[in-house]
4 protein chains.
Amino acid sequence: MRADARRNRELIVRAATRVFMADGEAVSMEDIARAAGLGVGTLYRHFPDRAALLALISCDVLSRLTARTASAAASDLPRWEVLLGYVRDAVQEPFAMLKSVPVDDPDVAEPVARLHAVVLDVIKAAQAEGSLRADIEPAAVLDLLSLVVCRQGARADDPLALVVLDGLRSR
Amino acid sequence: MRADARRNRELIVRAATRVFMADGEAVSMEDIARAAGLGVGTLYRHFPDRAALLALISCDVLSRLTARTASAAASDLPRWEVLLGYVRDAVQEPFAMLKSVPVDDPDVAEPVARLHAVVLDVIKAAQAEGSLRADIEPAAVLDLLSLVVCRQGARADDPLALVVLDGLRSR
Amino acid sequence: MRADARRNRELIVRAATRVFMADGEAVSMEDIARAAGLGVGTLYRHFPDRAALLALISCDVLSRLTARTASAAASDLPRWEVLLGYVRDAVQEPFAMLKSVPVDDPDVAEPVARLHAVVLDVIKAAQAEGSLRADIEPAAVLDLLSLVVCRQGARADDPLALVVLDGLRSR
Amino acid sequence: MRADARRNRELIVRAATRVFMADGEAVSMEDIARAAGLGVGTLYRHFPDRAALLALISCDVLSRLTARTASAAASDLPRWEVLLGYVRDAVQEPFAMLKSVPVDDPDVAEPVARLHAVVLDVIKAAQAEGSLRADIEPAAVLDLLSLVVCRQGARADDPLALVVLDGLRSR
DNA sequence: TATGAATGAGTGTTCATTCAT
DNA sequence: TATGAATGAACACTCATTCAT
């Protein structure tokens, strides 16, 4: 792939991520192109259609988050801190858009599964560590965090996230 | 308002509620009219535009829920039961659509405030009663319940709701 | 169907017929709408998509021609005259567009078959009458006439049609 | 013109001829470039626009056919055979595309005229020879053969061609 | 008044053509 | 010079809204 093509692809992904974060999933291809400073044609050269763009951005978001979480998990931080870090990172991403992506698409399903696997490990370890309530199924914890994180406009320090995290803490 | 006008308005609201529950917010005005057994023109006679219809249905949903919750609150049931009842009732309504309604609109803001007031009272009473964790701000509990209830396709007995409710319970 | 709707449908069909005759099959829906003095939306209210419009106009053309030919066939004109009349009528219609209509579509296949049946009868009768060369398969005569008639911009009195018709004549 | 430029031009013309034969005139420039194993840019280096490419391919087809027919005309074959050979050769070429080429373009008009001249000579000679009906204008015979030959997917032995050729034969 | 037909701006997508690499 | 990436006008089609019946 040529240098400028790679650069433009990156511009598209970044712009789309930005506008999805800001305005939700119902953004037109024209708007994304404009935000990227490119023509619509360029979008379509890089992504066959809207769904593909959504899918790719989702994958991007997911793998970025998986990488970051896995890296934190490899540290010797307390597992609770790793979990908090996950939430803090996730709310910085346009996670809400995942709701409009077909999770059946294997290209999306796989990165989702990988992220889930990493986070589930952290959850279990946090329960073993004693920082996370052990009387809740790990999968339920994951669901709860996903709920917190997938709201349009979520922030790590909004009351809701704080409540949920506090509710998950062992006493 | 004449009897048939009131009847049609009711038909529209009911039909819209139904299709919003079933198919989400992205339903066309034609679809709503068809579901109501009316022409689109009649929709527009009753509601100046799509936003107004959404707002009004939201109000309808909200006031119905407020009434039901207030009535339960007037009983001598345990406050925890009243709270559970609220969740059970709310998930039967197209609450998810509230996310696409401008809450700035005073016509919507007010019923929201009224529902919140009623539920907050129940929350505080449940904390006083000792059934609901008292170490969480009532407003935060409300947010948490809203989160549970406003998901598209939410059910009172899905794992997520169960986890949240369990997390709120005093031990 | 309401009076104005029927009138507009007629306008669409007429306008489309006209522009297909004039400019060939590659005309945009906007152009057709403009030619009909209507908005594109109206086209789509009457015809679900471009293919449906093409199919319907083809059917219209075909049945008009079938009716005219059958009526001539019911007269006591010489069969040769009936055949000439068919060619004269056909070249007045946007027959060329049939080449871009999916003949597999049963809605089109049937009127085509009906026209063919009528014309084949005339052909056979003309051969029996002695005015049409009898040493050619009726089906081949039909094909030949179709070829003459389906050219973009065909005219009944252009040299080509004259030659073909003359070639078909018994001597 | 450098050797590789000539080679590329040849590649383009050949590829375009091939895909026009196979898929009709509605082929994209990208498709043609891909079929030629070249980039679109190279197409545009050789041909200013789509019309020019079409025109040039037409010229190519026409002159190839003119050469072949003239060569056959130079032999001592019966003129009827030469005429049959012309039809057989022509149907192997993407002659249908000529319908979408502006014949006004002098670059196209001239090769058309040259082919016509050659074929007309053959036609007249065949009439003189007694193998071709002499009661039809040579120009009309030419038109008729053009009609046969310019159909998308024409073949020398399909019923239609056979009928036309048979109709032209003297008895 | 209720109806649903008409409208047209807006959306996703394609493709001839231009231009940076 | 050859490449193929970028462009944007054009197309088919949708749907909130208006308006004739």
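Labels below follow one simple rule: chain letters A, B, ... track the order of the sequence lines, proteins then strands, and each chain is numbered from 1.
Scanning DNA chain E for stems, defined as runs of 3 or more consecutive Watson-Crick or G-U wobble pairs whose donor-acceptor distances all fall under 3.5 Å, gives the following ranges: E:2-21 with F:2-21.
Side-chain atoms of A:Asp49 come within 3.5 Å of backbone N or O of A:Ala52 as a donor-acceptor pair. Remark: the backbone N or O of D:Leu38 is not paired with any side-chain donor or acceptor of D:Thr42 at under 3.5 angstrom.
Atom P of nucleotide F:dC11 and atom CG of C:Asp23 are separated by 12 Å, given to the nearest angstrom. Remark: C1' of F:dA5 and CZ of A:Phe47 are 14 Å apart, rounded to the nearest angstrom. Taking atom CZ of residue B:Arg9 and atom P of nucleotide E:dT1, one finds them 15 Å apart after rounding to whole Å. For the pair C:Leu43 CG and E:dA5 C1', the computed distance is 13 Å after rounding to whole Å. Rounded to whole angstrom, the span from the CD atom of A:Glu25 across to the C1' atom of E:dG12 amounts to 16 Å.
OP1 or OP2 of F:dA6 has at least one side-chain nitrogen or oxygen of A:His46 nearer than 4.0 Å. OP1 or OP2 of F:dA2 has at least one side-chain nitrogen or oxygen of D:Arg45 nearer than 4.0 Å. One finds a side-chain N or O of B:Thr42 lying less than 4.0 angstrom from the OP1 or OP2 phosphate oxygen of E:dT3. Contact between the side-chain N/O atoms of C:Asn8 and the OP1/OP2 oxygens of E:dA5 is not found at any separation under 4.0 Å.
Residues B:Ile32 and B:Phe20 meet the side-chain proximity criterion, which asks for heavy atoms closer than 4.5 Å. Looking at D:Met29 and D:Tyr44, their side chains come closer than 4.5 Å, going by heavy atoms from C-beta outward. A heavy-atom distance below 4.5 Å is found between the side chains of A:Pro111 and A:Cys59.
Between C:Leu98 and the options C:Leu62, C:Val103, C:Val61, a side chain to side chain contact (heavy atoms under 4.5 Å, CB included) holds for only C:Leu62.
The existence of a salt bridge linking B:Asp4 and B:Arg7 is excluded, since no basic side-chain nitrogen approaches an acidic carboxylate oxygen closer than 4.0 Å. Between A:Arg14 and A:Glu10, at least one side-chain N (NZ, or NE/NH1/NH2) sits under 4.0 Å from a carboxylate O, which counts as a salt bridge.
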Whether each nucleotide of nucleotides 14-21 of chain F has a protein heavy atom under 4.0 Å at its base (B), only at its sugar-phosphate (S) or at neither (-) is summarised, 5' to 3', as B-SBB-BS
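Taking each heavy atom of C:Glu25 and C:Ser100 in turn, the nearest pair found is OE1-CB, 2.7 Å.
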